[in-house]
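Per chain, numbering begins at 1; letters A, B, ... match sequence-line order. Reckoned from all heavy atoms, side chains included, excluding hydrogens, waters and symmetry mates.
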Amino acid sequence: MQNQDQPTLDHRKRDFLKYLLGGSFVAWVVSIFYPVLAYLKPPKQGEVEVSSVKVGKIEDIQKDSGQIVKFGNKPVILVRKPNGEFRSFSATCTHLDCTVQYRSDMGVIWCACHNGKYDLNGRNIEGPPPRPLEEFRVVMQGDEVLISKNV
Amino acid sequence: MKAILQNLYAWIDERVHLRDLVEFMGKKYVPIHQHSIWYYFGGVSLFLFIIQVLTGILLLLYYKGSEELAFESIQFIMSKVEFGWLIRSIHSWAANLFILAAVIHMFSVYFTKAYRKPREITWFTGMAMLFLGMGFGFSGYLLPWNELAFFATKVGTDIAGVIPVIGKPIMILMRGGEDVTGATLSRMFGFHVAIFPGLFVVFLGIHLLLVQRQGMSEPIGFENSPNVGSQRTMPFFPNFLLRDLLLWLLVLNVLAVLAVLFPWELGIKADPFASAPSGIKPEWYFLFMFQTLKYIPAQVLFVDGEVLGVLLFGLAGLLWTLVPFWDRKSAAGQQNRFVNYVGIFVVLYVLLFTILGYVV
Ligand code: HEM
Ligand code: FES
């Protein structure tokens, strides 16, 4: 009996040492790699929160045309329909991130990257885009055209 | 002169035993048979990589990796720096020839089954270098910060972003943020000139060491071929090496002709607030995947088409890389037709979809 007890105690001691060493090894590895991995993750940059941007005077914007407007750090498209109405959407294609444009010859918002098409309500009507474009609001302030977030 | 060299050799030999090294370098033999020509493409890839390192370092002397300066610095290289246009043109052309040579080398190893035991590690390091080569191409493409590259990078990194769970972190890691910006350029620059070359050299070292140590593989059934005993091998040093050098000279000439007659274009500077121009295409070696994505419908059984495509290509690439493990027959010295059929299918698929990418 005595003889059998002895090894178990030894084993326990050895296991304890094994875990201690193993544990500190893991901790050591983590303490090296965690800072590196965290460093690779770009910090959140304070996004410039814009609620609206001025585009220009109504009479300077031609009917049946489109333009890209800088909205904070995102591109937004402002379209003036042939009937003079304004519409505005996020210009970032919902497919793979290209920037869309207005095509007066087709009467659609078009993405050159994979031939995606949206109608003038921003709905994806042809090609690979899976979702409609996010809509922005167009506000008139006197004779100035403003674009603002649709809240 | 000769005496000085001999003395120098003896001086070094006395300290570091060069003799062993020379023996190690010299003891390899290259088998001679009808498919011997394929043995040259690894050497050509190596040569082109060396050219990339040399011209890349030269470009680094003037290139500036920032959103405001990248495009202008390359304009400067091309118009003001003497022979700057040539160095840049060579770097761009050699990049493409490098991928081409490495792809041919990879397929030749695949079809001759040179990956079979005991050369699995050589195959894995080779595949790693091929993927790294594509990484070099992708990251280098953005460096001039022109319109085409800007949108191609947006699309390329967005595709990586569709992979479930790990896609988004990978995309942010590659872009250095949510969008493609100057931060992306800095990252790609770091990948291109520091991280990738460092990794590449490690794999290259293992690859070459193994080739030297294990010697060249012989085609299956080579031992039993009729002309046994007759001249079936040639010494690597100096016979094969001299042929290698001759071919390198040829490649250098082709490269020079291409670089001079078709100088690489710069295009127009990227503007994050301009619409994407038409004709956005990735580099030709990504085109077959890009083209496939166009044919997959937007939704397949509740799964986004893109997700399905990316996962399928990922799986295919993984299986291809693991071929030494699932091809047991070749390792046992038997013919494995299945491997050939898979290989032929892949070659035809890549060719077809690359051509479609150009004509459609
Ligand atoms: C297999 C290796 C390499 C490949 C495939 C490759 C590929 C490329 C590509 C496609 C470009 C864009 C060319 C252009 O449109 O101008 C580029 C640019 C550049 N590469 Fe590399 N490269 C490789 C190795 C290196 C190395 C080792 C260095 C430096 C250590 C380097 C430094 C540069 C620099 C500074 C540029 C920007 C200048 C420019 O675009 O003309 N490259 N590389
Ligand atoms: S990114 Fe717009 S259609 Fe693909």
Side-chain angles (χ1 to χ4, degrees), chain A residues 36-48 53 55 65-79 89-106 108-118 124-133 147, chain B residues 67 147-148 150-162 168-184 186-187 190-191 195 270-282 290-291 293-300 303-307 309-310 357 360:
Chain A
V36 174
L37 284 179
Y39 182 89
L40 289 177
K41 193 168 83 53
K44 279 259 178 304
Q45 224 112 39
E47 283 225 352
V48 218
V53 289
V55 184
S65 79
Q67 60 181 301
I68 304 289
V69 179
K70 202 171 157 177
F71 197 92
N73 44 23
K74 301 258 189 245
V76 165
I77 188 167
L78 175 70
V79 176
F89 306 96
S90 152
T92 305
C93 183
T94 55
H95 179 221
L96 293 173
D97 224 13
C98 279
T99 308
V100 296
Q101 58 187 285
Y102 176 64
R103 284 281 296 253
S104 51
D105 54 339
M106 299 191 269
V108 298
I109 296 172
W110 181 65
C111 178
C113 287
H114 314 95
N115 206 14
K117 286 176 192 159
Y118 303 86
N124 46 319
I125 47 172
E126 221 187 290
R131 278 182 308 281
L133 294 170
I147 296 176
Chain B
E67 196 177 348
E147 201 182 35
L148 228 56
F150 176 76
F151 284 108
T153 304
K154 259 174 156 322
V155 171
T157 46
D158 217 59
I159 287 178
V162 307
K168 200 76 195 294
I170 290 180
M171 186 184 90
I172 290 179
L173 185 78
M174 291 204 289
R175 289 184 171 181
E178 293 277 341
D179 294 307
V180 173
T181 58
T184 318
S186 302
R187 289 234 158 169
F191 285 136
I195 299 174
D271 173 2
F273 293 98
S275 301
S278 50
I280 295 294
K281 271 196 182 116
F290 181 79
Q291 194 62 22
L293 289 185
K294 284 196 193 173
Y295 294 122
I296 302 180
Q299 289 269 314
V300 185
V303 187
D304 268 4
E306 248 87 45
V307 180
V310 170
V360 183

Any idea which heavy atoms bring B/Leu173 and A/Leu40 closest together, and the distance?
CD1-CB, 3.6 Å

What are the two closest heavy atoms between B/Ala276 and A/Gln101, and how far apart are they?
O-NE2, 3.0 Å

Sequence neighbours excluded, which residues qualify as salt bridge (charged side-chain N to carboxylate O under 4.0 Å, His left out) partners of B/Lys168?
B/Glu178

Bottom line for B/Pro169: the part with an atom under 4.5 Å from chain A's heavy atoms is neither

In Å and rounded to the nearest 0.5 Å, what is the CG to CG distance from A/Leu96 to B/Leu293?
8.0 Å

If you count heavy-atom pairs under 4.5 Å between each of A/Ala112, A/Pro42, A/Pro128, A/Cys93 and chain B, which one has the most?
A/Pro42

Any non-hydrogen side-chain atom of A/Asn115 less than 4.5 Å from a side-chain atom of B/Lys294?
no

Closest non-hydrogen atoms of B/Arg175 and A/Asp97, given as atom of the first, atom of the second and distance, are NH2-OD2, 2.9 Å

Between CG of B/Asp271 and CD1 of A/Ile68, what distance do you get to the nearest 0.5 Å?
9.5 Å

Between A/Cys98 and B/Val155, which heavy-atom pair has the shortest distance, and what is it?
SG-CG2, 3.5 Å

B/Ala152 portion near chain A, given a 4.5 angstrom heavy-atom threshold
neither

For the student: nearest non-hydrogen atoms of A/Pro75 and B/Phe273, plus distance:
N-CE2, 3.6 Å

Output for pair (B/Lys154 NZ, A/Thr92 OG1), nearest 0.5 Å, gives 5.5 Å

Pick one of side chain, backbone, both or neither for B/Phe290, based on which atoms fall under 4.5 Å of a heavy atom in chain A.
side chain

Can you name the salt bridge (charged side-chain N to carboxylate O under 4.0 Å, His left out) partners of A/Arg103, sequence neighbours left out?
A/Asp105

